[in-house]
Amino acid sequence: MGRVANLVLVRIAVAIAILSFAIGSLFAWSLAAERNASESLAIIVNVSNTLDSVSQDELRRIFLGERSHWANGRRITLVMMEPGRPERKALLHDVCQMNETDYSHRILHGLFTGELFVSPKTLASPMGVRKFVFNVPGAIGYVRAVDVDETVKVLRVDGRLPEAKDYPLHIEQRTMK
Amino acid sequence: MSDNRNFVSTKTVGAPHGMHAFWRTLSRYSSLLLMLLVCGVSAGLGVFVMRDSRIADMEAQKMYEGSVLGFRRIGELQYEAQETRRSTLYALTTNDSNLQVEYADQSRRADRHVSDGIAEYLKRARIPSEVEVGKRLRDDWSAYLKIRDEVLASILEGSTREAVELDITGGVPTFDRVRQDLDVIKRLYDEEASQQLAIVDESSRRSVTRLIAVVTLTVLFACVSIWAIQRSRMMVALQLARLQMDFVASISHELRTPLSVIRSAAENITDGVIEGTVQLRRYGGMIRSQTRQITELVNQILLFASTRDGRDHYVLRPVQVSQIIEIVLENTSEFVQEEGIILETHVDHGLPRVIADASALSQCLQNLLINAIKYSGESKWIAISATAPNGADELRISVKDSGIGIASSELKRIFEPFYRSPSVCAAQIHGTGLGLPLAKRIAEAMGGSLSVSSELARGSTFTIHLPIKETIQARTAVQELIH
């Protein structure tokens with residue numbers, strides 16, 4: 001009688017374990033899928049900016065200060081997040097293809113040589129970036145795709161929006177590496 | 001029987017408690033009615049004053065909404081406009097982009113309040129000058145916001161010098177225009193407030209005047225009403241007093257005359273002046289006659305007093321009128337003979353019975369008959385008739401004479417207690433003035449009425465109207481059936 005009871009309890013425990021594993025896997029998978037989709041890095045500009053799309057090369061030139069004005073003659077204002085932020089790391093790696101130190105050296109060099117008129121504006125939060133871009137017609141910045149709202153305009157990068165599968169700019173992949 | 005077509009009728013058959021009863025009731029409750037009337041008038045005037053006060057209150061409310069709230073709104077607008085500019089300028093004081101963004105945000109929040117305030121002002125603007133200045137403010141504010149945006153953008157870009165230049169060349173003059181517009185609006189509110197205040201002041205003054213007028217009118221009305229009722233009562237009391245004095249004078253005369261005769265006769269008998277059986281019998285008859293006269297007089301007064309005090313309790317039962325007439329004729333036969341009256345009686349056969357108190361009805365008819373004897377004049381002719389006309393639900397007992405008659409001006413007063421016509425007094429026809437009022441009261445107490453028709457020098461006809469028993473029973477049966 002005791003052995004039968006033990007057998008039943010063991011079976012129940014095994015069933016619960018299998019069920020828990022299945023549910024946990026499913027949850028983790030869905031979470032990962034969501035993270036992958038939401039961790040795109042969106043490039044944002046002021047809504048009055050006529051530019052809709054930009055290539056990665058063009059983006060690199062802008063953020064390195066090699067291009068100082070928009071097509072309409074308005075000065076470009078770079079908006080960066082504080083050093084150490086995943087968004088900044090992702091931009092430096094994917095767009096500028098350099099690390100924090102190299103980028104700092106590059107900016108200092110540009111200011112020293114006069115290639116750069118104004119150093120990039122550094123803001124502490126995605127909301128600050130968004131508000132800055134909203135207030136300055138020539139500003140360009142970046143935030144996570146989930147932090148975008150209607151006050152700013154999202155640029156296509158290589159013709160793709162952040163929701164696209166093959167959108168080139170992501171955050172979490174870079175941080176995981 | 002004389003022709004009745006020319007006679008004047010003063011009573012309506014079947015309406016014993018008509019207008020007279022109404023006026024009597026009205027007179028009895030006059031104080032209560034006056035109080036109710038004054039209360040009603042006061043309530044009506046109170047409603048009027050309250051309505052007036054409410055209108056004044058609404059005007060004050062309108063002034064508050066139009067001016068006081070307006071001042072508050074314009075104050076808020078001025079503050080938010082200053083806040084918009086102040087926050088923009090604060091952004092110039094720092095190089096921290098995060099702080100600059102925060103100041104820019106504050107400036108935008110404030111400018112939204114200003115824009116909403118201007119839209120609200122335009123929505124409430126009524127007069128053309130308000131609309132005009134509202135639109136000008138809206139345009140000036142939009143112009144300022146454009147410059148403000150440029151200034152903010154320059155500050156955030158780090159171009160401080162550019163931002164200051166923009167503000168000095170564009171922002172300052174534009175903002176000055178905005179400030180001037182707000183001052184104009186404030187002045188307009190000030191003017192409107194002054195006008196509203198004048199209206200409220202006028203309304204308040206009008207209300208006070210009306211209130212005073214209303215209170216004065218109410219007091220005046222109450223005083224006049226009280227005076228009128230008191231005067232009416234005084235007149236009635238005076239009239240009653242005069243009648244009572246006349247009555248006392250008359251009654252003393254009526255009592256004194258037979259008493260003198262009786263005393264004189266008694267003294268003559270006592271002194272032995274009277275000799276012989278014939279003379280003794282004559283004096284005895286004189287004493288009996290005078291005694292009967294006094295007795296009747298006293299009975300009349302007592303009976304009237306009892307009916308007046310409401311102490312009369314009649315026993316109503318079916319009565320044959322022919323029997324009543326016989327009793328009355330028997331009671332008065334001696335008097336009729338003495339006066340040498342030619343009395344005709346016409347009683348229809350098979351008359352229905354009436355509901356009445358036999359004794360009271362006899363008294364009533366007897367009063368009418370004695371009255372007819374007194375005033376039958378030289379003709380000395382009286383007719384008593386009892387009929388039940390076909391279709392009528394009443395029985396009529398009439399006492400008709402062809403005597404001196406009653407003037408039409410007197411007809412209205414003959415049923416007043418103690419009233420005696422001056423012509424009758426002058427003719428030295430004795431009476432108390434109670435016979436007819438008493439007869440009328442008795443007739444009405446039995447559910448009937450007493451009517452009179454008369455013409456001067458042609459005679460009078462008094463008719464007692466009594467409800468027939470069968471009709472009453474039929475009515476009662478129908479009422480029971482309905483209920």
Side-chain angles (χ1 to χ4, degrees), chain A residues 44-50 62-63 65 67-70 72-85 87-88 107-108 110-111 114-143 147 149-153, chain B residues 80-116 141-171 174-175:
Chain A
I44 56 172
V45 293
N46 189 279
V47 288
S48 65
N49 200 323
T50 52
I62 291 170
F63 274 98
R67 183 179 169 182
S68 58
H69 289 82
W70 296 106
N72 60 4
R74 187 106 202 176
R75 196 169 62 208
I76 294 173
T77 305
L78 297 176
V79 187
M80 298 291 285
M81 297 197 74
E82 286 180 337
R85 296 280 303 195
E87 296 93 329
R88 182 173 173 124
I107 294 299
L108 280 173
L111 287 171
E115 291 172 12
L116 273 175
F117 294 109
V118 182
S119 62
K121 300 294 174 186
T122 306
L123 288 150
S125 66
M127 190 172 71
V129 173
R130 213 168 51 224
K131 284 183 177 175
F132 191 100
V133 172
F134 169 72
N135 278 296
V136 182
I140 181 167
Y142 53 85
V143 290
D147 292 327
D149 67 10
E150 73 284 349
T151 60
V152 292
K153 181 178 177 179
Chain B
E80 294 293 349
Q82 291 287 357
E83 182 66 13
T84 303
R85 180 164 169 73
R86 199 181 302 125
S87 299
T88 305
L89 295 181
Y90 282 165
L92 275 171
T93 62
T94 179
N95 288 323
D96 185 345
S97 297
N98 292 297
L99 266 178
Q100 286 175 337
V101 166
E102 188 57 39
Y103 286 135
D105 212 30
Q106 281 179 17
S107 178
R108 288 189 182 284
R109 273 200 301 270
D111 90 48
R112 272 197 298 275
H113 289 151
V114 176
S115 300
D116 291 346
W141 184 246
S142 295
Y144 172 72
L145 287 184
K146 277 180 188 166
I147 294 167
R148 192 277 315 263
D149 288 349
E150 290 290 326
V151 171
L152 271 180
S154 296
I155 293 169
L156 290 170
E157 281 171 352
S159 311
T160 309
R161 181 177 290 175
E162 193 183 328
V164 171
E165 278 176 7
L166 260 173
D167 189 58
I168 289 170
T169 54
T174 318
F175 193 77

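Owing to the predicted nature of the structure, the values given are computational and were not obtained by experimental measurement. Convention: sequence-line order gives letters A, B, ...; per-chain numbering from 1. Heavy atoms only: backbone and side chains are in, while hydrogens, waters and symmetry mates are out.
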Give the atom names and distances for all donor-acceptor pairs closer than 3.5 Å across chain B and chain A.
residue  : atom : partner  : partner atom : Å
B:Asn98  : OD1  : A:Ala124 : N            : 2.9
B:Asp105 : OD2  : A:Lys131 : NZ           : 2.5
B:Arg108 : NE   : A:Asn135 : OD1          : 2.6
B:Arg108 : NH2  : A:Asn135 : OD1          : 2.9
B:Ser159 : OG   : A:Arg75  : NH2          : 2.4

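- Closest heavy-atom contact between B:Ser115 and B:Trp141: OG-NE1, 3.4 Å.
- Taking all atoms of both residues into account, the shortest heavy-atom contact from A:Ala139 to A:Val79 is CB-CG2, 4.0 Å.
- A distance of 7.0 Å separates NE2 of B:His113 from CG of B:Asp116, quoted to the nearest 0.5 Å.
- To the nearest 0.5 Å, atoms CD1 (A:Ile62) and CG (A:Leu78) are separated by 8.0 Å.
- Atom-to-atom distance recorded for B:Leu152:CG and B:Ile147:CD1 is 12.5 Å, nearest 0.5 angstrom.
- Annotation for A:Phe63 and A:Ile107: closest pair O-CD1, 4.4 Å, computed over non-hydrogen atoms.
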